[in-house]
Amino acid sequence: MQYQPQSVRPNAGHQCTRPSSVEMLRAQVCSNDDLSFLMEAHDGLSATIAQRSGFKGLWASGLSIASSLGYRDANEASWTQLVQSVERIVDSTDLPVLVDGDGGFGNFNNARLLTRKLHQAGAAGVSLEDSCFPKMNSLIGERHPLADIDEFAGRLRAVKDTVAEHLVLVARIEALIAGHGLNEAILRAHAYAEAGADAILIHSRKSTAYEMLSFVSEWRNRLPVVIVPTTYYRTPVSTFRDAGISTVIWANHSMRAAAAAMRRVCDSIAAHESVASIESHIAPVSEIFELLRYDELALAEKRYLQPR
Ligand code: SPV
Ligand code: MG
């Protein structure tokens with residue numbers, strides 16, 4: 001029986017002509033007309049800040065969510081913890097959220113359960129990678145066994161049959177990360193397209209874009225292509241535009257920025273036993289109040305707390 005989704009943000013509960021979050025994400029990720037950008041978020045605050053900076057969509061990053069929880073990006077955080085983090089990210093902005101669902105936390109059954117719950121949490125899309133459980137972050141080590149191609153295609157089909165058009169489904173290929181080369185990556189892209197994916201995420205950890213671009217020129221946009229240029233960050237965005245890439249994910253930069261800033265501030269406070277010298281380098285509390293709309297709460301208090 002096909003899962004019957006409830007209506008979710010931003011249209012939940014009202015007659016509204018705004019596009020749904022899924023439509024918004026689909027317009028970005030599934031279109032080759034213009035290059036789109038998804039900014040990493042790992043909690044409500046990072047999501048809010050990304051929206052303020054003008055981003056039109058968010059990437060709920062597995063690495064960043066795990067790191068902010070103090071876990072390694074090796075499926076140490078559970079799928080329910082991922083769903084809880086996604087809920088906070090979704091609730092904090094009006095932006096569509098593409099969730100990094102890792103490999104789906106198991107086989108087809110775990111993957112379809114995860115995506116059903118992500119949909120209920122208000123996610124607009126999910127990216128599933130052809131890794132084995134427990135996964136290991138793509139940017140570290142050499143242990144990246146690939147899932148069997150047919151088994152992973154089954155995971156994608158199960159997800160598609162479960163959430164149908166109500167969640168954008170991105171199939172992520174780890175063949176280049178695992179050192180299997182271009183032919184294996186293209187073979188997998190065909191299989192995943194056949195299984196119902198809406199877009200292909202081709203991941204590479206080379207320091208130049210060459211490997212990713214070889215895939216793109218061979219694939220010829222049979223499905224839109226999503227990339228994560230964390231290691232080939234020097235490549236100008238014009239190269240991605242010229243290659244007809246659909247979406248760039250800035251996958252972990254708020255988390256890494258926060259880590260660097262927290263470290264600097266903690267080191268300074270510990271060394272000087274004082275916060276005086278760092279005050280001008282950190283966000284004033286007024287900025288936090290403004291970001292989290294304390295003004296809205298004050299207005300609501302006037303409306304709902306005052307006696308008639
Ligand atoms: C993430 O942001 O969790 C990603 C991208 O999956 S990477 O860390 O490069 O695997
Ligand atoms: Mg990840």
Side-chain angles (χ1 to χ4, degrees), residues 25 29 36-43 46-47 50 55 57-79 81-83 85-86 89 97-106 110-111 114-115 118 123 125-147 152 155 168-180 185 192 197 199-209 211-212 215 225-235 240 245 247-259:
L25 187 68
V29 170
S36 306
F37 300 93
L38 299 181
M39 183 63 198
E40 171 256 310
H42 51 275
D43 58 14
S46 54
F55 283 98
L58 299 174
W59 165 250
S61 155
L63 172 63
S64 300
I65 289 171
S67 304
S68 70
L69 293 173
Y71 286 122
R72 291 167 289 211
D73 186 19
N75 285 135
E76 288 186 345
S78 68
W79 68 265
Q81 286 174 309
L82 173 65
V83 172
S85 295
V86 167
I89 291 168
V97 180
L98 175 63
V99 177
D100 176 1
D102 292 335
F105 291 74
N110 306 91
L114 171 72
T115 48
L118 288 174
V126 65
S127 167
L128 291 181
E129 67 196 34
D130 52 5
S131 60
C132 300
F133 186 90
K135 58 85 58 81
M136 176 53 70
N137 181 270
S138 308
L139 305 180
I140 186 167
E142 303 304 326
R143 191 193 66 76
H144 297 104
L146 285 185
F152 185 71
R155 271 187 245 175
V168 174
L169 176 58
V170 176
R172 166 168 161 178
I173 297 169
E174 292 285 286
L176 303 179
I177 297 289
H180 289 271
Y192 304 163
I200 296 291
L201 191 163
I202 184 68
H203 203 11
S204 165
R205 61 177 188 181
K206 299 286 189 216
S207 58
T208 73
E211 186 180 58
M212 176 280 289
F215 173 88
V225 173
V226 179
I227 61 167
V228 185
T230 300
T231 52
Y232 47 97
Y233 59 87
R234 287 193 183 83
T235 307
F240 306 148
I245 284 158
T247 304
V248 167
I249 296 176
W250 307 122
N252 46 46
H253 298 81
S254 284
M255 179 273 291
R256 287 164 60 198

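Values in this document were obtained by computation on a predicted structure and should not be read as measured data. Whatever order the structure lists them in is the order used to number ligands and atoms, beginning at 1. The basis for the numbers below is simple: all heavy atoms, side chains too, and nothing from hydrogens, waters or symmetry mates.
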Checking the N or O distance criterion of under 3.5 Å, is ligand 1 in contact with [X]?
X: His203; result: yes
X: Trp59; result: yes
X: Leu63; result: yes
X: Glu129; result: no

Using only heavy-atom distances, determine whether the side chains of Arg256 and Thr230 contain a donor-acceptor pair under 3.5 Å.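 Judged by distance alone, the side chains do not pair up.
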Main-chain N/O of [Y] paired with [X] side-chain donor or acceptor, under 3.5 Å:
X: His144; Y: Asn137; answer: yes
X: Ser46; Y: Asp43; answer: yes
X: Asp130; Y: Ala147; answer: no

Please verify whether a non-hydrogen atom of Asn137 lies at under 4.0 Å from ligand 1.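 For ligand 1, residue contact (heavy atoms, under 4.0 Å) with Asn137 is present.
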In this structure, does ligand 1 have an atom that sits under 4.0 Å from one of the heavy atoms of Leu139?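 It does; at least one heavy atom falls under 4.0 Å.
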Pair Phe55 and Phe37, ring centroids less than 6.0 Å apart: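 No, they do not, as the ring centres are separated by 6.0 Å or more.
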Check each of Glu40, Arg172, Lys135 against atom 5 (C) of ligand 1 and report the one with the nearest heavy atom.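 Answer by nearest heavy atom: Arg172.
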Heteroatom N/O/S of Asp100 within less than 2.8 Å of the Mg ion (ligand 2):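 Yes - counting backbone and side chain alike, Asp100 has an N, O or S atom under 2.8 Å.
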Between Arg143 and Glu174 (salt bridge meaning N to carboxylate O under 4.0 Å), is one present in this structure?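 Between Glu174 and Arg143 there is no salt bridge, as every charged N stays at least 4.0 Å from the carboxylate O atoms.
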Provide the number and element of each atom of ligand 1 under 4.0 Å from a heavy atom of Ser61.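 Reading through ligand 1 atom by atom, the close ones are 1 (C), 2 (O), 3 (O).
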